[in-house]
Amino acid sequence: MNTTVPITPASPSWHLPVIEFGRSADGLLVARVGDTAFAMVPTRQGRHFLATGWRLTRPLDTWKRGDFYGHSGDVADEAAFRALVAESAKHQRERVALGRREIASRANTPWGPSQGATIYGEGVLCHSTAGHGGFQLAPEQNVRVHPLLRSSSGFYEEDAEWAAVAQALPDLFTGYERRLADETLRNHWPEAWEAIHGRALQAGESRERDRQTFERQHARDWIVIAAVSSDRFPGFVETVATPGGKRGPGIERYGFLVPSVEYEPGLFGFVIDPARHCATDEKDPGD
């Protein structure tokens with residue numbers, strides 16, 4: 001059954017989105033907030049990820065998996081899904097309240113000529129270009145960016161560097177954007193994040209810091225760099241591993257057989273146990 005949940009306005013002048021929850025034609029838990037559509041899509045081992053779509057105006061119970069194209073990360077369960085949808089609604093409300101304005105622009109940017117820009121605040125523009133985009137800060141705003149994150153040009157690309165702008169000028173961003181910015185800084189520039197917050201990141205708080213720890217702990221271990229399901233040895237994966245997972249000319253390489261049920265690469269690679277994983281003569285299972 002589809003349900004509609006109106007959001008209580010903080011100000012009657014704000015245009016507020018309405019949250020709708022329901023089930024799609026193929027049984028997915030779905031929701032709509034303004035022009036944005038969401039679905040909780042199951043994956044392997046009982047896990048789910050958040051899929052997104054745009055301007056699905058049909059009734060929710062007519063939607064199908066093919067209507068969604070965006071992948072916005074893992075979602076644990078229905079409660080987490082509903083919380084993410086509610087966060088999106090709050091984000092849209094806050095964005096309207098911030099009063100950002102679209103303007104025409106032909107400025108030169110590191111990503112090509114601007115095709116238009118959004119004014120976030122005095123001296124803070126976000127440009128769109130044919131292939132990319134990002135922020136341009138006036139000098140008086142750029143000095144507010146932390147020195148470990150500051151660009152001398154005042155330009156910050158939209159994929160990751162934008163987080164430095166949000167960290168420096170939080171009042172110009174929504175709560176959702178500030179959360180994403182914090183996550184981006186932890187995962188891309190952990191040293192800068194630690195300097196800003198005055199504490200060390202713990203395991204699981206930063207992919208980059210976790211990668212550094214993994215590489216340090218397994219610098220002398222055999223790490224898989226290539227793998228293929230074996231036709232010669234059913235039930236096994238044929239792998240090629242190198243010390244520390246390094247690649248390049250002159251790096252020692254060796255083949256190992258790993259049981260298929262055991263092979264799970266993980267975020268940073270699969271660690272070979274020479275005492276259990278049988279060595280082979282193969283150098284590259286893809287050859």
Side-chain angles (χ1 to χ4, degrees), residues 41-51 71-77 80 146-149 157 159-164 167 179-287:
V41 179
T43 60
R44 295 182 302 169
Q45 301 176 337
R47 303 177 67 176
H48 301 81
F49 73 88
L50 184 68
H71 191 308
S72 299
D74 294 339
V75 57
D77 51 28
H146 192 278
L148 291 177
L149 300 169
E157 56 84 25
D159 288 341
E161 293 176 356
W162 74 273
Q167 191 282 323
R179 179 176 69 80
L180 289 186
D182 184 79
E183 180 180 308
T184 299
L185 293 180
R186 283 187 281 112
N187 287 328
H188 288 80
W189 297 282
E191 292 83 4
W193 190 97
E194 290 173 334
I196 290 167
H197 293 276
R199 73 170 180 87
L201 287 159
Q202 303 302 307
E205 290 188 310
S206 165
R207 284 194 302 273
E208 176 59 18
R209 179 67 81 237
D210 290 347
R211 182 189 64 78
Q212 294 168 357
T213 300
F214 178 89
E215 291 179 351
R216 184 170 59 252
Q217 292 176 342
H218 297 288
R220 297 185 177 182
D221 291 329
W222 292 95
I223 309 296
V224 173
I225 62 168
V228 64
S229 295
S230 179
D231 292 329
R232 299 182 301 163
F233 305 98
F236 285 86
V237 174
E238 294 186 65
T239 72
V240 168
T242 65
K246 292 182 173 58
R247 300 170 184 265
I251 300 297
E252 186 179 9
R253 298 151 60 91
Y254 219 89
F256 294 90
L257 285 176
V258 179
S260 300
V261 295
E262 181 182 337
Y263 186 73
E264 181 62 48
L267 286 176
F268 309 114
F270 185 88
V271 181
I272 291 293
D273 180 354
R276 295 190 304 106
H277 301 139
C278 180
T280 72
D281 294 330
E282 297 297 322
K283 292 298 183 181
D284 188 345
D287 285 351

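Residue numbers run from 1 in the order of the sequence given. None of the values given here were measured: they were computed from a predicted structure.
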Point to revise | Heavy-atom check, side chain of W189 versus side chain of E161, under 4.5 Å | key: yes
**Study point:** Student check: side-chain heavy atoms of H277 and P259 closer than 4.5 Å
**Key:** yes
**Study point:** Spacing of SG belonging to C278 relative to CZ belonging to F256, to within rounding of 0.5 Å
**Key:** 9.0 Å
Study note, to complete from the structure: Here the gap from Q217 atom CD to F268 atom CZ, rounded to the nearest 0.5 Å, amounts to 11.0 Å
Check your understanding: Which residue pairs pass the side-chain hydrogen bond (donor to acceptor under 3.5 Å, both in side chains) test with at least one member in residues 219-228, sequence neighbours excluded?
Key -> H218-D221
Exercise for review: For L185 and A164, work out which heavy atoms get closest and say how close.
Suggested key: CD2-N, 4.1 Å
Study note, to complete from the structure: Hits for ring pair (Phe, Tyr, Trp, His ring centres under 6.0 Å) against H146, two or more places apart or cross-chain, chain-then-number order -> none
Check your understanding: Considering only heavy atoms from C-beta outward, does the side chain of D182 approach that of R179 to under 4.5 Å?
Key -> no
Review point. Quick one: CG on L149 to CD on E191, what's the gap to the nearest 0.5 Å?
Key: 10.5 Å
Study note, to complete from the structure: One should read off an interatomic distance between L257 CG and E238 CD, to the nearest 0.5 angstrom, of 6.0 Å
Review point. Less than 4.5 Å apart, any side-chain heavy atom of T239 and any of Y263?
Key: yes
Practice item. Output the distance between atom NE2 (H188) and atom CD (E183), rounded to the nearest 0.5 Å. Key: 10.0 Å
Point to revise | R211, CZ atom: more than 12 neighbouring heavy atoms under 6.0 Å | key: yes
**Study point:** Under 3.5 Å: donor-acceptor pair, side chain of E157, backbone of A160
**Key:** yes
Can you give each donor-acceptor pair under 3.5 Å made by side-chain atoms of residues 196-203, sequence neighbours left out, with the distance rounded to 0.1 Å?
| from | atom 1 | to | atom 2 | distance (Å) |
| --- | --- | --- | --- | --- |
| H197 | NE2 | W193 | NE1 | 3.3 |
| R199 | NH1 | E205 | OE1 | 3.1 |
| R199 | NH2 | E205 | OE2 | 3.0 |
| Q202 | NE2 | A200 | O | 3.2 |

Review point. Does any N or O in the side chain of S72 come within less than 3.5 Å of the main-chain N or O of A51, such that one atom is a donor and the other an acceptor?
Key: no
**Study point:** Closest heavy-atom pair and its distance - I223, G244
**Key:** CG1-C, 3.6 Å
Check your understanding: For I251 and T242, which heavy atoms make the closest approach, and how far apart are they?
Key -> CG2-CB, 3.8 Å
Revision key, fill the gap. Smallest heavy-atom separation, A163 atom then A181 atom, equals CB-O, 3.5 Å
Check your understanding: If you look at every heavy atom in H48 and T43, which pair is closest and at what distance?
Key -> N-OG1, 3.8 Å
Check your understanding: Do you know the tightest heavy-atom contact between F49 and V75?
Key -> C-CG1, 3.7 Å
Practice item. Look up atom CD1 in I225 and atom NZ in K246, then write down how far apart they are to the nearest 0.5 Å. Key: 12.0 Å
